[in-house]
Structure formats: structure tokens, C-alpha cells
Amino acid sequence: MKGKVFVKKKPGVLDPEGATIQKALLNLGYKQVAGVRSGRVFEVELEAKSPKEAEEKLVEMARKLLANPVIEEFRVELENGDKR
């Protein structure tokens, strides 16, 4: 089974990478860009007996390793489009 874990900084947490990208986009002439938040996506292939088990494992992985719960939030998505 395949899934993705999307990680981004929580609202209110400084995002220097996002600010730098926003500045670069403005310099390229994209004046309509009002803000950019950066993040990461992890594509994970795993064995699971059901979509529910796969989702639970992805959430566990995100909590233990892929996201820093103090400053980041995450969501998981299975290949068939299920989201949490």
C-alpha cells in the first residue's frame, strides 16, 4: 500500500524558507503572491492488512519521526485518496 505524509509548520511558526520563496516569487514578478508556507511530503510504501491499518501506521510514523509535533502539523493520505 502507498501513502503520503504531508508536513508543514503550524500557523504562527516562523517559516524562513517560505518567506525566502515568497520574496523570490515577488522578484520574478508574481506580485499576487501574498504568502508562502513551505513543507515536506514523504511517500511511503508499506505492508498493511487494511487501509485503516496503513493510515494508523502512517500517523504513528509521522508522530514518531517525520514531523516535529512542537512546531509542525501533518496529514496523511493513502493512494486511493483517503485523507486524515
Side-chain angles (χ1 to χ4, degrees):
M1 208 166 286
K2 293 181 181 179
K4 293 181 182 176
V5 179
F6 299 84
V7 180
K8 67 177 184 178
K9 291 195 173 58
K10 290 180 177 177
V13 174
L14 292 178
D15 183 1
E17 183 179 4
T20 299
I21 292 168
Q22 180 185 4
K23 185 176 178 182
L25 289 170
L26 292 171
N27 288 338
L28 288 172
Y30 296 102
K31 303 298 182 197
Q32 66 275 34
V33 176
V36 175
R37 299 291 286 176
S38 65
R40 303 181 306 278
V41 177
F42 298 93
E43 295 181 349
V44 181
E45 289 186 39
L46 69 160
E47 292 183 19
K49 295 176 183 168
S50 68
K52 183 177 186 222
E53 181 183 309
E55 179 183 293
E56 289 172 354
K57 290 293 182 191
L58 289 171
V59 168
E60 183 180 307
M61 291 175 203
R63 287 188 176 138
K64 288 185 174 180
L65 179 69
L66 302 177
N68 178 344
V70 175
I71 62 169
E72 296 174 322
E73 59 189 15
F74 66 89
R75 68 178 171 86
V76 300
E77 184 177 305
L78 296 178
E79 187 173 72
N80 66 6
D82 292 340
K83 297 177 185 176
R84 179 173 177 197

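Throughout, numbering of the chain's residues begins at 1 and tracks the sequence.
Linking ILVMFWY side-chain heavy atoms closer than 4.5 Å, directly or via other members, places Val36 and Leu14 in two distinct hydrophobic clusters.
The pair Lys8-Glu73 meets the salt-bridge criterion, with a side-chain N (NZ, NE, NH1 or NH2) lying under 4.0 Å from an Asp/Glu carboxylate O. Between Lys57 and Glu55 no salt bridge is recorded (no basic side-chain N to carboxylate O distance below 4.0 Å).
The two residues Met1 and Pro51 make their nearest non-hydrogen contact at SD-CA, 3.8 Å. Taking every heavy atom of both residues into account, Ala67 and Val7 meet most closely at CB-CG1, 3.9 Å.
One finds the NZ atom of Lys2 at 13.5 Å from the CD atom of Glu77 (value rounded to the nearest 0.5 Å). Note that NZ of Lys9 is 5.0 Å distant from CG of Asp15, once rounded to the nearest 0.5 Å. The distance from the NZ atom of Lys4 to the CG atom of Leu78 is 11.5 Å, given to the nearest 0.5 Å. Atom CD of Glu72 is separated from atom CG of Leu66 by 10.0 Å, given to the nearest 0.5 angstrom. From Phe74, atom CZ reaches atom CG of Leu58 across 9.5 Å, with rounding to the nearest 0.5 Å.
Residue Lys10 places its NZ atom among more than 12 non-hydrogen atoms of other residues, nucleotides or ligands, all under 6.0 Å distant. Within 6.0 Å of atom CD in Gln32, more than 12 heavy atoms from other residues, nucleotides or ligands are found, so the atom counts as buried in its surroundings. Residue Lys31 qualifies as enclosed at atom NZ: its count of foreign heavy atoms under 6.0 Å is above 12.
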Donor-acceptor list for residues 16-30 side chains, cut-off 3.5 Å, not counting sequence neighbours:
{"unit_1": "Thr20", "atom_1": "OG1", "unit_2": "Pro16", "atom_2": "O", "d": "2.9"}
{"unit_1": "Gln22", "atom_1": "NE2", "unit_2": "Ala34", "atom_2": "O", "d": "3.2"}
{"unit_1": "Asn27", "atom_1": "ND2", "unit_2": "Lys23", "atom_2": "O", "d": "3.4"}

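By the 4.5 Å side-chain criterion applied to Ile, Leu, Val, Met, Phe, Trp and Tyr, Phe6 is assigned to a cluster that also includes Val41.
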